[in-house]
Amino acid sequence: PAMKVNDCPPVWIGPDISEPLNNWLEQAGYTKIWILTDRNSDAFCLDQLINKVPLLAKASLITIEPGEEAKSLASCEKIWDKLTYEGADRKSLLCNLGGGVVSDLGGFAASAFMRGISFIQIPTTLLAMVDATIGGKTGINFSGIKNLIGSFQHASGVFAQTNFLASLHPHEILSGYAEMLKHSLIEGG
(Lines give C-alpha, C1' and ligand atoms only; values in the text may rest on other atoms or scores of the structure.)
Protein backbone atom coordinates (compact mmCIF):
# COMPACT_ATOMS: atom_id res chain seq x y z
CA PRO A 1 0.00 0.00 0.00
CA ALA A 2 1.00 3.62 -0.48
CA MET A 3 2.50 5.43 2.49
CA LYS A 4 1.66 9.03 3.37
CA VAL A 5 4.65 11.11 4.37
CA ASN A 6 3.89 13.77 6.98
CA ASP A 7 5.24 16.84 5.26
CA CYS A 8 3.94 19.86 3.42
CA PRO A 9 2.60 19.23 0.81
CA PRO A 10 1.13 15.83 1.53
CA VAL A 11 3.18 13.12 -0.20
CA TRP A 12 2.10 9.55 -0.89
CA ILE A 13 4.68 6.99 -1.97
CA GLY A 14 4.05 3.41 -3.05
CA PRO A 15 3.93 0.94 -5.91
CA ASP A 16 0.28 1.86 -6.54
CA ILE A 17 -1.06 5.27 -5.52
CA SER A 18 -4.45 4.85 -7.18
CA GLU A 19 -6.46 4.32 -3.98
CA PRO A 20 -5.13 7.34 -2.03
CA LEU A 21 -5.25 9.47 -5.18
CA ASN A 22 -8.83 8.49 -5.94
CA ASN A 23 -9.90 9.11 -2.32
CA TRP A 24 -8.12 12.46 -2.27
CA LEU A 25 -9.73 13.58 -5.55
CA GLU A 26 -13.20 12.54 -4.35
CA GLN A 27 -12.80 14.54 -1.14
CA ALA A 28 -11.34 17.62 -2.86
CA GLY A 29 -14.32 18.15 -5.16
CA TYR A 30 -12.65 19.89 -8.10
CA THR A 31 -14.94 21.28 -10.79
CA LYS A 32 -12.77 20.09 -13.69
CA ILE A 33 -9.52 18.17 -14.01
CA TRP A 34 -6.77 18.29 -16.63
CA ILE A 35 -3.78 15.98 -16.94
CA LEU A 36 -0.53 17.45 -18.27
CA THR A 37 1.89 14.85 -19.59
CA ASP A 38 4.62 14.45 -22.15
CA ARG A 39 4.61 11.84 -24.90
CA ASN A 40 6.82 9.45 -22.86
CA SER A 41 4.64 9.46 -19.74
CA ASP A 42 1.57 9.33 -21.95
CA ALA A 43 2.87 6.13 -23.57
CA PHE A 44 4.18 4.37 -20.44
CA CYS A 45 2.18 5.66 -17.45
CA LEU A 46 -1.11 7.34 -18.37
CA ASP A 47 -3.18 4.21 -19.00
CA GLN A 48 -2.02 2.63 -15.71
CA LEU A 49 -3.25 5.69 -13.88
CA ILE A 50 -6.58 6.41 -15.56
CA ASN A 51 -7.61 2.75 -15.53
CA LYS A 52 -7.46 2.76 -11.72
CA VAL A 53 -8.56 6.32 -10.89
CA PRO A 54 -12.08 6.89 -12.27
CA LEU A 55 -12.04 10.66 -11.81
CA LEU A 56 -8.90 10.92 -13.94
CA ALA A 57 -10.50 8.86 -16.71
CA LYS A 58 -12.81 11.85 -17.26
CA ALA A 59 -9.99 14.42 -17.26
CA SER A 60 -8.98 16.41 -20.31
CA LEU A 61 -5.47 15.67 -21.60
CA ILE A 62 -2.71 18.15 -22.45
CA THR A 63 0.35 16.53 -24.02
CA ILE A 64 3.70 18.20 -24.66
CA GLU A 65 6.85 16.92 -26.32
CA PRO A 66 9.43 15.39 -23.98
CA GLY A 67 12.62 17.24 -23.17
CA GLU A 68 13.92 20.48 -21.74
CA GLU A 69 12.86 22.46 -24.84
CA ALA A 70 9.23 22.00 -23.78
CA LYS A 71 9.82 24.00 -20.59
CA SER A 72 8.94 27.21 -22.40
CA LEU A 73 6.54 30.11 -22.58
CA ALA A 74 5.04 28.54 -25.73
CA SER A 75 4.17 25.39 -23.75
CA CYS A 76 2.63 27.53 -21.00
CA GLU A 77 0.50 29.26 -23.62
CA LYS A 78 -0.65 25.85 -24.91
CA ILE A 79 -1.67 24.86 -21.36
CA TRP A 80 -3.37 28.19 -20.65
CA ASP A 81 -5.23 28.08 -24.00
CA LYS A 82 -6.56 24.60 -23.25
CA LEU A 83 -7.61 25.57 -19.71
CA THR A 84 -9.28 28.76 -20.96
CA TYR A 85 -11.17 27.23 -23.88
CA GLU A 86 -12.33 24.24 -21.85
CA GLY A 87 -13.73 26.37 -19.03
CA ALA A 88 -11.23 26.09 -16.18
CA ASP A 89 -12.10 28.03 -13.07
CA ARG A 90 -10.48 28.69 -9.70
CA LYS A 91 -11.65 25.29 -8.44
CA SER A 92 -10.05 23.36 -11.30
CA LEU A 93 -7.08 21.00 -10.95
CA LEU A 94 -4.03 20.38 -13.12
CA CYS A 95 -2.42 16.94 -12.61
CA ASN A 96 1.21 16.92 -13.72
CA LEU A 97 2.08 13.37 -14.80
CA GLY A 98 5.73 13.18 -15.80
CA GLY A 99 9.31 13.95 -14.96
CA GLY A 100 10.96 17.19 -13.96
CA VAL A 101 10.02 19.14 -17.08
CA VAL A 102 6.31 18.35 -16.71
CA SER A 103 6.47 19.04 -12.96
CA ASP A 104 8.22 22.41 -13.32
CA LEU A 105 6.17 23.54 -16.32
CA GLY A 106 2.81 22.37 -15.01
CA GLY A 107 3.41 23.82 -11.57
CA PHE A 108 4.32 27.19 -13.04
CA ALA A 109 1.41 27.21 -15.50
CA ALA A 110 -1.04 26.38 -12.69
CA SER A 111 0.48 28.96 -10.31
CA ALA A 112 0.04 31.75 -12.89
CA PHE A 113 -3.34 30.77 -14.38
CA MET A 114 -6.16 32.82 -12.79
CA ARG A 115 -3.58 33.85 -10.18
CA GLY A 116 -3.21 30.24 -9.16
CA ILE A 117 -5.22 27.07 -9.50
CA SER A 118 -4.53 23.82 -7.67
CA PHE A 119 -2.13 21.29 -9.08
CA ILE A 120 -0.80 17.92 -8.02
CA GLN A 121 2.43 16.22 -8.97
CA ILE A 122 2.48 12.60 -10.13
CA PRO A 123 6.19 12.06 -10.83
CA THR A 124 7.24 9.32 -13.24
CA THR A 125 11.03 9.56 -12.82
CA LEU A 126 13.21 9.05 -9.75
CA LEU A 127 14.70 12.53 -10.17
CA ALA A 128 11.23 14.07 -10.17
CA MET A 129 10.24 11.99 -7.14
CA VAL A 130 13.18 13.15 -5.04
CA ASP A 131 13.58 16.72 -6.31
CA ALA A 132 11.31 18.38 -8.88
CA THR A 133 7.98 17.66 -7.18
CA ILE A 134 9.12 18.54 -3.66
CA GLY A 135 9.90 22.04 -2.43
CA GLY A 136 7.48 24.11 -4.49
CA LYS A 137 9.94 25.16 -7.20
CA THR A 138 8.15 25.77 -10.49
CA GLY A 139 9.43 27.42 -13.62
CA ILE A 140 10.25 27.64 -17.28
CA ASN A 141 13.34 28.39 -19.30
CA PHE A 142 13.55 31.80 -20.99
CA SER A 143 16.09 33.43 -23.31
CA GLY A 144 18.25 30.33 -23.10
CA ILE A 145 18.46 30.47 -19.30
CA LYS A 146 17.19 27.49 -17.30
CA ASN A 147 14.37 28.25 -14.82
CA LEU A 148 14.65 32.01 -15.34
CA ILE A 149 10.90 32.55 -14.90
CA GLY A 150 9.06 30.77 -12.12
CA SER A 151 7.41 30.84 -8.76
CA PHE A 152 7.44 29.00 -5.47
CA GLN A 153 4.11 27.26 -5.20
CA HIS A 154 3.59 23.97 -3.41
CA ALA A 155 1.51 21.32 -5.08
CA SER A 156 -1.70 20.40 -3.32
CA GLY A 157 -0.31 16.86 -3.13
CA VAL A 158 2.42 14.61 -4.50
CA PHE A 159 1.59 11.03 -5.50
CA ALA A 160 4.74 9.03 -6.27
CA GLN A 161 3.92 5.66 -7.84
CA THR A 162 7.17 3.72 -7.70
CA ASN A 163 6.17 1.11 -10.29
CA PHE A 164 6.45 3.88 -12.93
CA LEU A 165 10.23 3.60 -12.46
CA ALA A 166 10.24 0.23 -14.26
CA SER A 167 9.79 2.03 -17.59
CA LEU A 168 12.95 4.13 -17.17
CA HIS A 169 16.34 3.70 -18.80
CA PRO A 170 19.06 2.89 -16.21
CA HIS A 171 20.64 6.29 -16.92
CA GLU A 172 17.48 7.98 -15.58
CA ILE A 173 17.64 5.93 -12.38
CA LEU A 174 21.30 6.93 -11.89
CA SER A 175 20.34 10.60 -12.26
CA GLY A 176 17.88 10.17 -9.40
CA TYR A 177 20.47 8.42 -7.24
CA ALA A 178 22.95 11.24 -7.92
CA GLU A 179 20.37 13.79 -6.76
CA MET A 180 19.73 11.81 -3.57
CA LEU A 181 23.48 11.64 -2.91
CA LYS A 182 23.79 15.40 -3.47
CA HIS A 183 21.02 16.12 -0.96
CA SER A 184 22.62 13.73 1.52
CA LEU A 185 25.98 15.48 1.22
CA ILE A 186 24.38 18.92 1.56
CA GLU A 187 22.56 17.80 4.72
CA GLY A 188 25.73 16.25 6.13
CA GLY A 189 24.27 12.73 6.02
Side-chain angles (χ1 to χ4, degrees), residues 1-25 33-53 56 59 62-64 66-68 70-71 93-111 118-141 146-147 150-187 189:
M3 171 183 69
K4 184 179 183 299
V5 177
N6 291 324
D7 197 3
C8 182
V11 178
W12 288 265
I13 302 168
D16 182 0
I17 49 87
S18 58
E19 185 178 335
L21 177 56
N22 199 57
N23 292 340
W24 187 83
L25 288 171
I33 300 173
W34 283 262
I35 300 172
L36 173 65
T37 189
D38 66 18
R39 298 220 182 275
N40 290 333
S41 294
D42 187 337
F44 297 109
C45 305
L46 183 62
D47 284 345
Q48 287 183 54
L49 192 64
I50 63 175
N51 287 337
K52 291 186 170 188
V53 182
L56 291 184
I62 306 168
T63 305
I64 61 170
E68 195 68 25
K71 217 165 95 171
L93 176 70
L94 182 62
C95 301
N96 301 319
L97 174 67
V101 169
V102 169
S103 300
D104 286 355
L105 170 66
F108 175 69
S111 74
S118 295
F119 66 96
I120 61 171
Q121 304 285 26
I122 307 171
T124 59
T125 67
L126 184 57
L127 187 57
M129 288 178 186
V130 300
D131 182 51
T133 59
I134 307 295
K137 301 178 308 271
T138 73
I140 60 170
N141 304 334
K146 187 172 172 74
N147 297 323
S151 63
F152 287 97
Q153 181 68 41
H154 281 289
S156 296
V158 177
F159 297 85
Q161 183 161 307
T162 55
N163 75 0
F164 287 155
L165 300 178
S167 68
L168 297 179
H169 186 277
H171 174 69
E172 294 295 323
I173 298 294
L174 290 175
S175 292
Y177 287 151
E179 189 67 20
M180 289 187 288
L181 178 61
K182 179 185 92 173
H183 284 291
S184 177
L185 292 172
I186 290 170
E187 291 295 317

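Atoms considered below: every heavy atom in the structure, side chains included; atoms not considered: hydrogens, waters and symmetry mates.
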Undergrad: The test is side-chain contact (heavy atoms from CB on, under 4.5 Å); show your working for Ile13 and Thr162 and say whether it passes.
TA: CA-CA 7 Å; Ile13 302 168; Thr162 55; 4.0 Å; yes
Undergrad: OG1/Thr63 to CG/Asn40 distance, rounded to the nearest 0.5 angstrom?
TA: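 Rounded to the nearest 0.5 Å, the OG1-CG separation comes to 11.0 Å.
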Undergrad: Side chains of Asn163 and Gln48: closer than 4.5 Å at any heavy-atom pair?
TA: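 Yes - at least one pair of side-chain heavy atoms lies under 4.5 Å apart.
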Undergrad: Would Ser41 and Val102 satisfy side-chain contact (heavy atoms from CB on, under 4.5 Å), going step by step from the backbone distance to the final call?
TA: CA-CA 10 Å; Ser41 294; Val102 169; 5.7 Å; no
Undergrad: Locate the shortest heavy-atom distance separating Ala128 from Thr133; write the atom from each residue and the value.
TA: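 Ala128 and Thr133 have their closest heavy atoms at O-OG1, 2.8 Å.
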Undergrad: OG1 of Thr124 to CG of Leu165: how many Å apart, nearest 0.5 Å?
TA: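 Between atom OG1 of Thr124 and atom CG of Leu165 there are 8.5 Å.
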Undergrad: Taking only residues two or more places apart in sequence or in another chain, which ones pass side-chain contact (heavy atoms from CB on, under 4.5 Å) with Ser118?
TA: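 Ser118 satisfies side-chain contact (heavy atoms from CB on, under 4.5 Å) with Tyr30, Leu93, Ser156 once adjacent residues are dropped.
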Undergrad: Is there a donor-acceptor pair under 3.5 Å between the side chain of Asn22 and the backbone N or O of Ser18?
TA: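 Checking the backbone N and O of Ser18 against the side chain of Asn22, no donor-acceptor pair under 3.5 Å is found.
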Undergrad: With side chains defined as the heavy atoms from C-beta onward, is the minimum distance between Leu105 and Ile140 less than 4.5 Å?
TA: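 The answer is yes, as the side chains (C-beta and beyond) meet within the 4.5 Å cut-off.
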Undergrad: Phe119 and Gln153: which non-hydrogen atoms are nearest, and at how many Å?
TA: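 Residues Phe119 and Gln153, closest heavy atoms: CZ-O, 3.3 Å.
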Undergrad: What's the verdict on side-chain contact (heavy atoms from CB on, under 4.5 Å) for Phe159 and Gln121, showing C-alpha distance, side-chain angles and the deciding distance?
TA: CA-CA 6 Å; Phe159 297 85; Gln121 304 285 26; over 6 Å; no
Undergrad: For the atom pair CG (Asp38) and CG (Asn96), what is the distance rounded to the nearest 0.5 Å?
TA: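 Output value for this atom pair is 11.0 Å.
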Undergrad: Of all the heavy-atom pairs spanning His154 and Gly135, show the shortest one and how long it is.
TA: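 For His154 and Gly135, the tightest heavy-atom pair comes out as CE1-C, 3.7 Å.
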Undergrad: With rounding to the nearest 0.5 angstrom, report the CD1 to CH2 distance, Ile62 to Trp34.
TA: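 So the CD1 of Ile62 and the CH2 of Trp34 are separated by 7.5 Å.
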Undergrad: Which heavy-atom pair separates Gly100 from Ala132 by the least distance, and what is that distance?
TA: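 The answer is CA-CB, 3.7 Å.
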Undergrad: Using the rule given for side-chain contact (heavy atoms from CB on, under 4.5 Å), can you reason through Glu172 versus Leu126, listing the C-alpha separation, both sets of side-chain angles and the distance that settles it, and then say yes or no?
TA: CA-CA 7 Å; Glu172 294 295 323; Leu126 184 57; over 6 Å; no
Undergrad: How close do Thr37 and Asp42 get, heavy atom to heavy atom, and via which atoms?
TA: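 Taking Thr37 first and Asp42 second, the nearest heavy atoms are OG1-N, 3.3 Å.
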Undergrad: In Å and rounded to the nearest 0.5 Å, what is the CD1 to CG distance from Ile120 to Leu97?
TA: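 Ile120 CD1 to Leu97 CG: 9.5 Å, rounded to 0.5 Å.
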Undergrad: Is any side-chain heavy atom of Asn147 closer than 4.5 Å to a side-chain heavy atom of Lys71?
TA: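 A side-chain contact under 4.5 Å exists here.
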Undergrad: Could you measure the distance from the CG atom of Asp47 to the NZ atom of Lys52? Nearest 0.5 Å is fine.
TA: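 One finds 12.5 Å between CG of Asp47 and NZ of Lys52.
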Undergrad: Determine whether Ile122 and Gln161 make a side-chain contact, defined as any pair of heavy atoms from C-beta on separated by less than 4.5 Å.
TA: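 They are not in contact (no side-chain heavy atoms under 4.5 Å apart), so the answer is no.
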Undergrad: How close do Ala160 and Met129 get, heavy atom to heavy atom, and via which atoms?
TA: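 Nearest heavy atoms, Ala160 then Met129: CB-CG, 4.0 Å.
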Undergrad: Just wondering, more than 12 heavy atoms not from Glu19 lying within 6.0 Å of its CD?
TA: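 Incorrect, the count does not exceed 12.
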